[in-house]
Amino acid sequence: MCYPSGMQIKARDGKVYDVSSAPPGGTHEVRLGGSVVGTFVLLPRETQVEVKSKQVDETLLVDIADRFVDAGGAPMGIL
């Protein structure tokens, strides 16, 4: 499910989110229906999230980030 702009991730809410690629320490945008609903940054010991829409919350963004990493989306050096 790899796409030029990133990956599509099915979250625990059953919706499919588009997650952009980013360099190590960079910001990944999370989109739903073309609109940015949040962002996350993968750090060595934590994931920083920022909610940008009422369609998601911090817990859901962390879930999306975890699934993104599990699908192989983590930049080199993070895992």
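These numbers were taken from a predicted model, which means no experiment stands behind them. All values below were derived from every heavy atom in this structure, side-chain atoms included, with hydrogens, water molecules and symmetry-related copies excluded.
Scanning all heavy atoms of the two residues, the minimum distance from G6 to S21 falls at CA-OG, 3.4 Å. Closest of all the heavy-atom pairs between V51 and V56 is CG1-O, 3.5 Å. Minimum heavy-atom separation, T27 to A22: O-CB, 3.5 Å.
You'll find the side chain of E29 reaches within 4.5 Å of the side chain of V36, heavy atoms only. Two residues are said to be in side-chain contact when any heavy atoms from C-beta on lie closer than 4.5 Å; Q48 and L43 meet this criterion. In this structure the side chain of V41 never reaches within 4.5 angstrom of the side chain of T47, judged on heavy atoms. Inter-residue side-chain proximity for T39 and V49 is flagged as unmet; no heavy-atom pair is nearer than 4.5 Å.
Annotation: the span from D63 atom CG to D13 atom CG amounts to 8.0 Å, rounded to 0.5 Å. Considering CZ of R12 and CD1 of I64, their distance stands at 9.0 Å, rounded to 0.5 Å. Annotation: the span from K15 atom NZ to L60 atom CG amounts to 8.5 Å, rounded to 0.5 Å.
Relative ring orientation between F68 and F40 is described as perpendicular, the plane-to-plane angle rising above 60° on a 0-90° scale split at 30° and 60°.
Remark: D66 engages V62 in a side chain to side chain contact (heavy atoms under 4.5 Å, CB included) (not counting sequence neighbours). Every residue two or more places apart in sequence or in another chain that forms a side chain to side chain donor-acceptor pair (under 3.5 Å) with Q55 is listed here: S53.
Side chain of R67 to main chain of K10: a donor-acceptor pair is present (N/O by atom type, distance under 3.5 Å, no hydrogens or angles).
Residue pairs meeting the salt bridge (Lys or Arg N to Asp or Glu O under 4.0 Å) criterion with at least one partner in residues 32-46, sequence neighbours excluded, are absent.
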